Amino acid sequence: MRGAWAGFHRDWNTLIYNFGRHEVRNFLVGSALYWLERQGVDGLRVDAVASMLYRDYSRDDGQWVPNVQGGRENLEAIALLKRVNEVVGAQCPGSFTVAEESTAFPGVSAPTYAGGLGFHFKWNMGWMNDTLRYMQEDPVHRRWHHDKMTFGLVYAFSENFVLPLSHDEVVHGKRSILGRMPGDAWQRFANLRAYYGFMWGHPGKKLLFMGQEFGQPTEWNHDEALPWHLLQDPAHQGVQRLVRDLNHLMRREPALHQRDGESAGFEWIDAHDRACSVFSWVRYAQAGPPVIVVSNMTPVPRHGFRLGVPEGSAVTAWREVLNTDAGPYGGSNLGNGGQALAVQSVPWHGRAQSIELLLPPLATLFLMPA
C-alpha cells in the first residue's frame, strides 16, 4: 500500500506504519477485532507502546520530525490507540487491552473520554525491574536495597497496573525467575515462594509466564515443551500448590483484588524495616474483612515479632490464612499454624493495638481477622 509506511525502526529492523492513513488505521483496528472475535482470545497486549507515542523514540536530534504542534508526541498514533480501545470496548465486551508502555505518559489506562488512551491496564515495568533486582541480591545485602520493594507504591495507583513476570524476563540470558534467586537450592525455592507471596499481596493484577508457576529452573525455549516432569519433584510441586492457593485466596477475598487501583485499598504498616528486611501492609475491600500481608526477606526466623494492626472493636484476634513457608509448599513449616493471634493493647508501628507472631524465614504471611 503506497504511503503505508512512515519510517524505519532501527532497533527492531522493521518499518513504521503511517498511522495517519485511513487504510492503515482500518487495517489495524480490523486486525484487533479479528483476534478477539474470530480467534476467541481474551485480550490484547500492545508491545512497545512508547515507540508509537513519541516521534523521537530511539532517535537523535535531527533524525525526527516534530508533529504539527511542534511537539514530540505522535498524534496520529495516539488517535489510533484511542480508536482501537474504543472499538474493542464497544464491540468485544468482556475483553481487555494492555499497554506495555515504558515511560510516564499520562493516562495510559484512563478512559478516552477523560483524555486517556483507553487501555484497561498498563504493564508495570518499573515494579518488575525493581523487585527482580532486589530478589537477586543476597539476603544479607537486601537492607541496602529496601526501597526497590517499596518504591512501586509511590505510583501504584496512577494507572491500572499489571505486575508482569512475562516472556521478556525468562529469555535472552536473563535466566528463569527461579534461576535468579540467590542461595542454595532450598533458599532459591523459599525466595521464589516469598516473592510470589509479596506479588500476590501487592496491588495490581498478576501475570506469570508459563513454566514459572511450578518454578522452571531454566529459560523458556520455544523449541521445547515445558519441563512438566519437574512436577515429580516435591519442591516444584510445592510452588505449583502455592500459586494455586494464592489464586484461590485472591479470588475469595475482595481485599486482595477489589481496590487494586485505589489508594484507599492499601495502607503500609511498616515500609521502613530495613534492618530485618520485613515489609508489612494492609489491603482493604469496599466491603469485607481486611487482609494483612507480611514478607520476611531474610533466612532468619523472627520469634515474638510484634506487628501493629488496624483498630477495630470487633476484631479481637488475627489468624494466618496462608504461609509460603508451609510444609505442603516445600517450606520449613514454621509459622503460626492458623492459631488465633490475640490483639493486645500494646502500641506499635504507630497504632494503638498489635499482635505478636512468628515470622518464618524467607516467607510471606497472609493474616485475616479470626
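These figures come from a predicted structure and were not determined experimentally. One is the number of the first residue; the rest follow in order along the sequence.
Within 6.0 Å of OH in Tyr34 there are 12 or fewer heavy atoms belonging to other residues, nucleotides or ligands. For CH2 of Trp35, the number of neighbouring non-hydrogen atoms (other residues, nucleotides, ligands) closer than 6.0 Å is 12 at most. The neighbour count for Asp223 CG, taken as heavy atoms of other residues, nucleotides or ligands under 6.0 Å away, is above 12. More than 12 non-hydrogen atoms from other residues, nucleotides or ligands lie less than 6.0 angstrom from CZ of Phe157. Enclosure of atom CH2 in Trp12 by more than 12 non-hydrogen atoms of other residues, nucleotides or ligands within 6.0 angstrom is indicated. Within a 6.0 Å radius of CD in Gln232, other residues, nucleotides and ligands contribute 12 heavy atoms or fewer.
In this structure, the side chain of Gln212 does not engage the main chain of Leu165 through any donor-acceptor pair within 3.5 Å. Judged by distance alone, with hydrogens and angles left aside, the side-chain atoms of Asn336 form no donor-acceptor pair with the main-chain N or O of Gln339 at under 3.5 Å. With hydrogens and angles ignored, the 3.5 Å screen pairs a side-chain donor or acceptor of Asn74 with a backbone N or O of Ala77. Using modelled atom types, no side-chain atom of Glu86 and backbone atom of Val84 make a donor-acceptor pair closer than 3.5 Å. Lys148 contributes no side-chain N or O that, together with a main-chain N or O of Trp144, makes up a donor-acceptor pair within less than 3.5 Å. Looking only at distances, a side-chain donor or acceptor of Ser109 sits under 3.5 Å from a matching main-chain atom of Asn160. Listed for the Asn323 side chain is a donor-acceptor partner under 3.5 Å among the backbone atoms of Leu334. In this structure a side-chain-to-backbone donor-acceptor pair under 3.5 Å is present from Lys174 to Asp168. Side-chain N or O atoms of His120 include one that pairs as donor or acceptor with a backbone N or O of Thr97 at under 3.5 Å. Proximity of a side-chain donor or acceptor of Gln136 to a complementary backbone N or O of Arg180 within less than 3.5 Å is not detected.
Within the model, atoms CG of Leu163 and CZ of Phe121 stand 11.0 Å from one another, a figure rounded to the nearest 0.5 Å. A distance of 13.0 Å separates NE2 of His248 from CD of Glu253, quoted to the nearest 0.5 Å. Summarising the geometry, atom CZ belonging to Phe161 is positioned 4.5 Å from atom CG belonging to Asn124; distances are rounded to the nearest 0.5 Å. Atom CZ of Arg175 and atom OG1 of Thr218 lie 13.0 Å apart (nearest 0.5 Å). Separating the CG atom in Leu359 from the NE2 atom in His303 is a distance of 10.0 Å, to the nearest 0.5 Å. Note that OG of Ser95 is 8.5 Å distant from CG of Asp42, once rounded to the nearest 0.5 Å.
Residues Asp273 and Phe305 have side chains in contact (heavy-atom distance under 4.5 Å, counting atoms from C-beta outward). Considering only heavy atoms from C-beta on, Phe279 stays 4.5 Å or farther from Ile269 through its side chain. Contact of the Gln91 side chain with the Leu33 side chain is registered, since non-hydrogen atoms from C-beta on lie closer than 4.5 Å. Under the 4.5 Å side-chain criterion, counting only non-hydrogen atoms from C-beta, Val346 is not in contact with Gln353. Here the side chains of Trp268 and Phe266 are in contact, with some heavy-atom distance below 4.5 Å.
Judged purely by distance below 3.5 Å, without hydrogens or angles, the side chains of Arg143 and Ser277 never pair a donor atom with an acceptor atom. Side-chain contact, Ser332 with Asp325: a donor N or O sits under 3.5 Å from an acceptor N or O. Checked by atom type, the side-chain pair Thr298/Arg302 shows a donor-acceptor distance below 3.5 Å. There is no side-chain donor-acceptor pair under 3.5 Å between Tyr196 and Thr324. Inspection of the Ser176 and Gln216 side chains reveals no N or O donor paired with an N or O acceptor under 3.5 Å. Looking at His145 and Arg142, their side chains never bring a donor and an acceptor atom within 3.5 Å of each other. Gln344 and Ser354 are not linked by any side-chain donor-acceptor pair at a separation below 3.5 angstrom, with hydrogens and angles left out of the test. In this model, a donor atom of one side chain and an acceptor atom of the other lie less than 3.5 Å apart for Arg241 and Gln237.
What you find for Pro361 and Trp186 is that their closest heavy atoms are CG-CH2, 4.4 Å. Shown here for Glu101 and Ala50, the closest heavy-atom pair between the two residues is OE2-CB, 3.7 Å. Contact record, Met250 with His257: O-ND1, 2.7 Å, taken as the closest heavy-atom pair. In terms of heavy atoms, His349 sits closest to Asp270 at NE2-OD2, 3.3 Å. Residues Gln258 and Ala287 come closest through the heavy atom pair OE1-N, 3.8 Å. Closest of all the heavy-atom pairs between Asn296 and Cys276 is OD1-O, 3.8 Å.
Taking the six-membered ring wherever Trp is involved, the centroid distance between the rings of Trp281 and Phe198 falls below 6.0 Å. Ring pair Phe209/Trp220: centre-to-centre distance below 6.0 Å. Between His146 and Tyr134, the distance from one ring center to the other does not fall under 6.0 angstrom.
Leu178 is connected to Met199 through a chain of hydrophobic side-chain contacts under 4.5 Å among Ile, Leu, Val, Met, Phe, Trp and Tyr, so both are in one cluster. Met135 is connected to Trp200 through a chain of hydrophobic side-chain contacts under 4.5 Å among Ile, Leu, Val, Met, Phe, Trp and Tyr, so both are in one cluster. Cluster annotation: Tyr284 is connected to Ile355 through the hydrophobic network of ILVMFWY side chains, with a link wherever side-chain heavy atoms come within less than 4.5 Å. Hydrophobic clustering, with ILVMFWY side chains joined whenever heavy atoms are under 4.5 angstrom apart, groups Val108 together with Val46. Note: the hydrophobic cluster containing Leu242 also contains Leu256 (ILVMFWY, side chain heavy atoms under 4.5 Å, direct or indirect links).
Ring geometry for Trp228 versus Phe214: interplanar angle of 30 to 60°, hence tilted. Ring orientation note: the planes of Phe189 and His236 are nearly perpendicular, at an angle over 60° on the 30°/60° scale.
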* Test log, rule side-chain contact (heavy atoms from CB on, under 4.5 Å), inputs Leu231 and Gln240 -> CA-CA 8 Å; Leu231 286 173; Gln240 188 186 52; 3.6 Å; yes
* **Chi angles and distances behind the side-chain contact (heavy atoms from CB on, under 4.5 Å) call for Leu75, Gln69** => CA-CA 9 Å; Leu75 303 179; Gln69 300 173 352; 4.0 Å; yes
* Asked: For Leu81 and Leu53, what are the C-alpha separation, side-chain angles and deciding distance, and is it a side-chain contact (heavy atoms from CB on, under 4.5 Å)?
  -> CA-CA 9 Å; Leu81 292 171; Leu53 295 176; 3.8 Å; yes
* Audit row: Val278, Val294, side-chain contact (heavy atoms from CB on, under 4.5 Å) steps and yes/no -> CA-CA 7 Å; Val278 172; Val294 190; 3.9 Å; yes
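A cation-pi arrangement is absent between Arg72 and Trp64 under the rule of less than 6.0 angstrom and at most 45 degrees off the ring axis. Both tests do not hold together for Arg193 against Tyr329: distance to the six-membered ring centre under 6.0 Å, angle to the ring axis within 45°.
A salt bridge between Glu76 and Arg55 is present, with a side-chain N of the basic residue lying under 4.0 Å from a carboxylate O of the acidic one. Using a cutoff of 4.0 Å between basic side-chain nitrogens and carboxylate oxygens, Asp260 and Arg283 are scored as salt-bridged. Salt bridge present: Glu100 and Arg45 bring a charged side-chain N and a carboxylate O closer than 4.0 Å.
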